[in-house]
2 protein chains.
Amino acid sequence: MVDQVGSLGQQMWDFVYAYDAAYDRAAREVGLSAAQACLLKAVAERPVTMGELASRLLCDASNVTQIVTRLESKGLVRRQPGARDGRSKEVVITPDGAVLDERMRVAFTFPVERLGLLSSDARDALGSALDVMLGRDG
Amino acid sequence: MVDQVGSLGQQMWDFVYAYDAAYDRAAREVGLSAAQACLLKAVAERPVTMGELASRLLCDASNVTQIVTRLESKGLVRRQPGARDGRSKEVVITPDGAVLDERMRVAFTFPVERLGLLSSDARDALGSALDVMLGRDG
DNA sequence: TATTGTTATACTCTATAACTATA
DNA sequence: TATAGTTATAGAGTATAACAATA
């Protein structure tokens with residue numbers, strides 16, 4: 001059992017390694033860093049405050065300030081005053097930003113490619129395993 | 001089917017995100033950056049040349065130079081002349097480095113923790129799926 | 001001449017501490 | 001006074017270009 005976990009641990013490492021590398025490559029293909037692509041993705045769903053971005057990206061607020069400033073200077077997002085709280089700011093994606101986010105999703109072929117190698121049953125099994133490991137059932 | 005892949009893609013994203021965050025946290029716990037921990041892990045197996053490290057870490061050689069220099073200044077690795085080729089250098093782990101690498105493995109509890117949530121059958125299924133997605137059979 | 005590694009440089013990511021403005 | 005965000009600063013990761021030493 002320990003050996004099974006050990007070997008699985010190595011496979012998991014290799015897979016995450018390949019996943020991260022592919023994400024980084026895709027981001028650079030569209031002219032972004034991985035961190036920028038990540039933030040753009042978060043903002044693409046809906047406007048998000050700076051603080052919320054820091055929470056979701058698991059980093060310091062001062063870091064978010066800089067990444068947003070860079071994306072803003074590229075015209076991909078803009079800051080707007082927070083809805084209720086005069087202190088807060090929301091980051092909103094621009095049309096150009098939405099286009100680039102979509103290009104990024106297209107460029108990041110890794111997940112679809114790899115999942116496409118699995119049988120339907122294997123996909124089901126993988127989905128169940130990920131649910132459990134993410135604490136989403138059981 | 002497309003929806004299945006889409007949902008699975010999100011689960012995969014979430015899992016990789018959690019994995020990366022956990023690795024980063026573990027590295028910081030032992031006083032390393034993720035990149036430093038990664039290089040130390042590579043060198044822990046056996047001496048590796050600078051160029052080989054660049055290949056394995058998927059980065060430029062000049063980057064490896066800097067990371068190795070930092071690890072060397074912490075006394076965790078050392079450079080030694082290459083075996084056959086007088087131009088090359090091998091990076092060798094020191095006793096202190098080996099201790100820290102082991103501490104890192106202990107600190108990085110994420111894989112074992114999460115795999116421990118799975119049944120034996122689910123682990124088998126996950127292992128098979130990863131093999132296929134990593135192109136290691138079929 | 002080609003290759004291994006380093007140096008110089010520049011940009012990005014990241015965090016800490018001090019600060020401004022608002023609550 | 002507490003909170004949201006920014007600024008200043010510093011260390012680390014990263015790549016490109018120019019370079020040294022060796023093959």
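This one's a predicted model, so the numbers in the text were calculated from it and none came from an experiment. Chain A is the first sequence line, chain B the second, and so forth, proteins listed ahead of strands; every chain is numbered from 1.
Atoms CD (A/Gln80) and C1' (D/dG5) sit 15 Å apart, rounded to a whole Å. Remark: P of C/dT12 and CD of A/Glu72 are 15 Å apart, rounded to the nearest angstrom. Here D/dG13 presents its P atom at 10 Å from CG of B/Leu39, a figure rounded to the nearest Å.
At least one donor-acceptor pair closer than 3.5 Å links the side chain of A/Gln11 to the backbone N or O of B/Gly127. Of the possible polar contacts, one joining the B/Thr94 side chain to the B/Leu76 backbone as a donor-acceptor pair under 3.5 Å is found.
The two residues B/Asp96 and B/Gly75 have their closest heavy-atom pair at CB-O, 3.8 Å. Here the shortest heavy-atom pairing between A/Gly31 and A/Gln36 reads O-OE1, 4.4 Å. The two residues A/Ala107 and A/Val30 have their closest heavy-atom pair at CB-CG1, 4.2 Å.
Against DNA chain C, the stretch residues 46-54 of chain B makes heavy-atom approaches under 4.0 Å through B/Thr49, B/Met50, B/Gly51. Residues from residues 14-33 of chain A that place a heavy atom under 4.0 Å from any atom of DNA chain C, listed by number: A/Ser33. Near DNA chain C, meaning a heavy atom under 4.0 Å away, the residues from residues 64-71 of chain A are A/Gln66, A/Ile67, A/Arg70.
Ring to ring, B/Phe108 and B/Tyr19 are close: their centroids are under 6.0 angstrom apart.
Every pair tested for ring-ring contact (aromatic ring centres under 6.0 Å, His included) that includes a residue from residues 70-90 of chain A fails, sequence neighbours excluded, so the list is empty.
Taking 4.5 Å as the limit, some side-chain heavy atom of A/Arg136 sits within range of a side-chain heavy atom of B/Asp14.
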Enumerate the protein-to-nucleotides 16-20 of chain D contacts in which both atoms are nitrogen or oxygen and the separation is below 3.5 Å.
{"residue": "D/dT16", "atom": "O4", "partner": "B/Ser62", "partner atom": "OG", "Å": "2.8"}

Using the 3.5 Å cut-off, write out each protein N or O paired with an N or O of nucleotides 20-23 of chain C and the distance between them.
{"residue": "C/dA23", "atom": "OP1", "partner": "A/Gly86", "partner atom": "N", "Å": "2.9"}

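For A/Asp85, the salt bridge (Lys or Arg N to Asp or Glu O under 4.0 Å) partners at least two apart in sequence or on another chain are A/Arg87. In this structure, the side chain to side chain contact (heavy atoms under 4.5 Å, CB included) partners of B/Ala34, at least two apart in sequence or on a different chain, are B/Tyr23, B/Asp24. Here B/Lys41 pairs with A/Gln10, A/Trp13, B/Asp101, B/Arg105 under the side chain to side chain contact (heavy atoms under 4.5 Å, CB included) rule; sequence neighbours left out. With sequence neighbours left out, the side chain to side chain contact (heavy atoms under 4.5 Å, CB included) criterion links B/Thr69 to B/Thr65, B/Arg79. In this view, B/Gln66 and B/Arg70 satisfy the side chain to side chain contact (heavy atoms under 4.5 Å, CB included) rule, not counting sequence neighbours.
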For residues 50-61 of chain B, tabulate all N or O donor-acceptor pairs below 3.5 Å that involve a side-chain atom, not counting sequence neighbours.
{"residue": "B/Glu52", "atom": "OE2", "partner": "B/Arg46", "partner atom": "NH2", "Å": "2.7"}
{"residue": "B/Ser55", "atom": "OG", "partner": "B/Gly51", "partner atom": "O", "Å": "3.4"}
{"residue": "B/Asp60", "atom": "OD2", "partner": "B/Ser62", "partner atom": "N", "Å": "2.9"}
{"residue": "B/Asp60", "atom": "OD2", "partner": "B/Ser62", "partner atom": "OG", "Å": "2.7"}

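Looking at which nucleotide of DNA chain C each of B/Arg79 and A/Lys74 is closest to, the 5′-most match is held by B/Arg79.
The CG atom of A/Asp131 lies 10.0 Å from the CG atom of A/Leu126; values are rounded to the nearest 0.5 Å.
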